[in-house]
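The analysis underlying the following values was restricted to heavy atoms, covering all of them including side chains, and did not include hydrogens, waters or symmetry mates. Bear in mind that the values here come from a model prediction, so they are computed numbers and not experimental data.
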Amino acid sequence: GFLLMSITMFGNTIDFSDTVDQHVLFNSNLDSIETNLKFWVMGDNIDGQNNSTLTNGQSIAQWNDYSGSTNNALQNTANNQGIYNHTLSSIRFDGPNDFYSIGTNITTNSSYTFFIVEKRAAGKAQNYYFGQTGSAGRDKMIHLGYRTDSSITLAHFSNDITTDVRNHGNVDLAVFRFKRSESPSHFINFNGPLLDSGQSGTALTNNGYNIVGSSFENFYNGNIMEI
């Protein structure tokens, strides 16, 4: 599954569990799982220098990965780049076409846990913030995010769970868990509580690159603070 102990960039050491502890104000005991971390991006440190090189509204070509896996989120096409939102310490995705590729796949044929802190800017349907490239078909394309303004989904394409949530306009924390070969295998926590679980443990089979800001065909409209 995916969930480095720490990483040093530009002379600064960044530790995953310490960062979480500072946010939740207690010992999260996440040290034991840090070595499984595969991807970690933060809106308050997009550039590796605490955003000191960025200005509000600036287009972002690279979102640095702090997991130690060098899975930086990249977008070379200017029209498909999100912009830095200083107020929310986030990257703002416009909805029609902004997305980033991490250049590899970290969800296929594996269990995984996925955390995201984000704030939607619109109540659009199919408002997905994580997905992958490749062909569509059962268990071939992950898409995580909002199926409607009031429902969130953990979807493997025809192997999904969907549950009701509050409408857009708030900062929300979602945790998606997939447990391969177990039943139930799909779990969604939203702002704390477990809201839904279900389905069988059939793993994803397509090796298309994972992407941030889109399910591949449906794009996210909002701000992402951390994944």
Problem set entry | Tyr84 and its side chain to side chain contact (heavy atoms under 4.5 Å, CB included) partner, picked from Ile91, Leu54, Thr55 | Leu54

Problem set entry | Cluster overlap Tyr128 with Val165, hydrophobic side-chain contacts below 4.5 Å | no

Exercise. Are the side chain of Gln75 and the backbone of Thr77 linked by a donor-acceptor contact shorter than 3.5 Å?
Worked result: yes

For this session: Please examine the side chains of Thr205 and Asn109, heavy atoms only from C-beta on, and report whether any two atoms are closer than 4.5 Å.
Result: no

For this session: Can you spot which of Phe178, Phe39, Phe130 makes a ring-ring contact (aromatic ring centres under 6.0 Å, His included) with Tyr112?
Result: Phe178

For this session: Compute whether any side-chain donor of one residue and acceptor of the other, for Thr153 and Arg147, lie under 3.5 angstrom apart.
Result: yes

For this session: Go through the steps for Asp149 and Arg120 under the test salt bridge (Lys or Arg N to Asp or Glu O under 4.0 Å), then give the verdict.
Result: CA-CA 9 Å; Asp149 189 27; Arg120 287 172 286 163; 3.2 Å; yes

For this session: Could you give me the CA-CA distance, side-chain angles and deciding distance for Ser89 and Asp44, then say whether side chain to side chain donor-acceptor pair (under 3.5 Å) is met?
Result: CA-CA 5 Å; Ser89 295; Asp44 58 1; 5.9 Å; no

For this session: Any chance you could measure Glu226, atom CD, to Leu173, atom CG, to the nearest 0.5 Å?
Result: 9.5 Å

Problem set entry | Heavy-atom donor-acceptor pair, Thr133 side chain to Tyr209 backbone, under 3.5 Å | yes

For this session: Please round to the nearest 0.5 Å and tell me the distance separating atom CG of Leu88 and atom CD of Glu118.
Result: 11.0 Å

For this session: Kindly say whether Asn71 contributes a backbone atom to a donor-acceptor pair with the side chain of Ser69 at under 3.5 angstrom?
Result: no

For this session: Answer yes if the side chains of Arg92 and Asn221 hold a donor-acceptor pair under 3.5 Å, and no otherwise.
Result: yes

For this session: State, yes or no, whether a side-chain contact exists between Lys119 and Met225 at a heavy-atom distance under 4.5 Å.
Result: yes

Exercise. Do Thr107 and Asn210 have side-chain N/O donor and acceptor atoms under 3.5 Å apart?
Worked result: yes

For this session: Would you check, one step at a time, whether the test side chain to side chain contact (heavy atoms under 4.5 Å, CB included) holds for Asp172 with Arg166?
Result: CA-CA 9 Å; Asp172 293 307; Arg166 64 184 180 181; 2.6 Å; yes

Seminar exercise, completed: Distance col, row Asn159:CG vs Thr202:OG1, nearest 0.5 angstrom, shows 6.0 Å

Problem set entry | Closest non-hydrogen atom pair, Ala174 against Ile152 | CB-CD1, 4.0 Å

Exercise. With a 3.5 Å cut-off and no angle check, do the side chains of Asp98 and Asn80 form a donor-acceptor pair?
Worked result: no

Exercise. Among Val212, Leu144, Ile227, whose side chain to side chain contact (heavy atoms under 4.5 Å, CB included) with Tyr129 holds?
Worked result: Leu144

Exercise. Looking at side-chain heavy atoms only, is the closest gap between Asn167 and Ser150 below 4.5 Å?
Worked result: yes

Problem set entry | Approximate separation, where rounding is to 0.5 Å, of Leu74 CG and Ile60 CD1 | 12.5 Å

Exercise. Would you say Phe99 and Tyr220 make side-chain contact, with heavy atoms under 4.5 Å?
Worked result: no

Problem set entry | Contact summary for Ile211 and Gln132, nearest pair of heavy atoms | CG1-N, 3.6 Å

Exercise. Of the non-hydrogen atoms in Gln126 and Asn218, which two are nearest, and what is the gap between them?
Worked result: OE1-OD1, 3.0 Å

Exercise. Cut-off 3.5 Å, side chains only: do Gln58 and Asn56 have a donor facing an acceptor?
Worked result: no

For this session: Could you give me the CA-CA distance, side-chain angles and deciding distance for Asn97 and Asn79, then say whether side chain to side chain contact (heavy atoms under 4.5 Å, CB included) is met?
Result: CA-CA 8 Å; Asn97 58 11; Asn79 190 50; 2.9 Å; yes

Exercise. In terms of the angle between their ring planes, are Trp63 and Phe93 parallel, tilted or perpendicular, with boundaries placed at 30° and 60°?
Worked result: tilted

For this session: Applying side chain to side chain contact (heavy atoms under 4.5 Å, CB included), run through Gln199 and Ile161 and close with a yes or a no.
Result: CA-CA 7 Å; Gln199 295 295 6; Ile161 60 171; 3.8 Å; yes

Exercise. Are side-chain heavy atoms of Leu204 and Lys140 found at a separation under 4.5 Å?
Worked result: no

Exercise. With a 4.5 Å limit on heavy-atom distance, are the side chains of Leu195 and Asn189 in contact?
Worked result: no

Exercise. Hey, would you say the His186 and His156 ring centroids sit under 6.0 Å apart?
Worked result: yes

For this session: May I ask you to check whether Asp47 and Thr53 show a side-chain donor-acceptor distance below 3.5 Å?
Result: yes

Exercise. Is it the case that more than 12 heavy atoms not belonging to Phe190 sit under 6.0 Å from its CZ atom?
Worked result: yes

For this session: Walk me through it: do Ser90 and Ile224 pass the test side chain to side chain contact (heavy atoms under 4.5 Å, CB included)?
Result: CA-CA 5 Å; Ser90 67; Ile224 297 180; 5.8 Å; no

Problem set entry | Heavy-atom closest pair, residues Ser110 and Ala203 | N-CB, 4.1 Å

Problem set entry | Mutual orientation of the aromatic rings belonging to Trp40 and Tyr66 [parallel < 30°, tilted 30-60°, perpendicular > 60°] | perpendicular

Exercise. Looking at Phe187, is Lys179 sitting on its ring face, NZ or CZ under 6.0 Å from the six-membered ring centre and within 45 degrees of the normal?
Worked result: yes

Exercise. To the nearest 0.5 Å, what is the distance between CG (Asn36) and OG1 (Thr113)?
Worked result: 9.5 Å

Exercise. Are Asp196 and Thr163 close enough that a side-chain donor and a side-chain acceptor fall under 3.5 Å?
Worked result: no

Problem set entry | Residue pair Met141 / Phe216, side-chain heavy-atom distance below 4.5 Å | yes

For this session: For residues Leu194 and Arg177, determine if any side-chain heavy atom of one lies less than 4.5 Å from a side-chain heavy atom of the other.
Result: yes

For this session: Please name the pair of heavy atoms, one in Tyr100 and one in Gly82, separated by the smallest distance, quoted to 0.1 Å.
Result: OH-N, 2.9 Å

Exercise. Can a donor-acceptor pair be found between the side chains of Asp65 and Asn72 at a distance below 3.5 Å?
Worked result: no

Exercise. Could you state the interatomic distance from CG (Asn85) to CG (Asn223), rounded to the nearest 0.5 Å?
Worked result: 4.5 Å

For this session: Please step through side chain to side chain donor-acceptor pair (under 3.5 Å) for the pair Asn207 and Asn105, ending with a clear verdict.
Result: CA-CA 6 Å; Asn207 289 315; Asn105 185 291; 5.3 Å; no

Exercise. Of all heavy-atom pairs between Gly43 and Asn51, which one has the smallest distance, and what is that distance?
Worked result: O-ND2, 2.9 Å

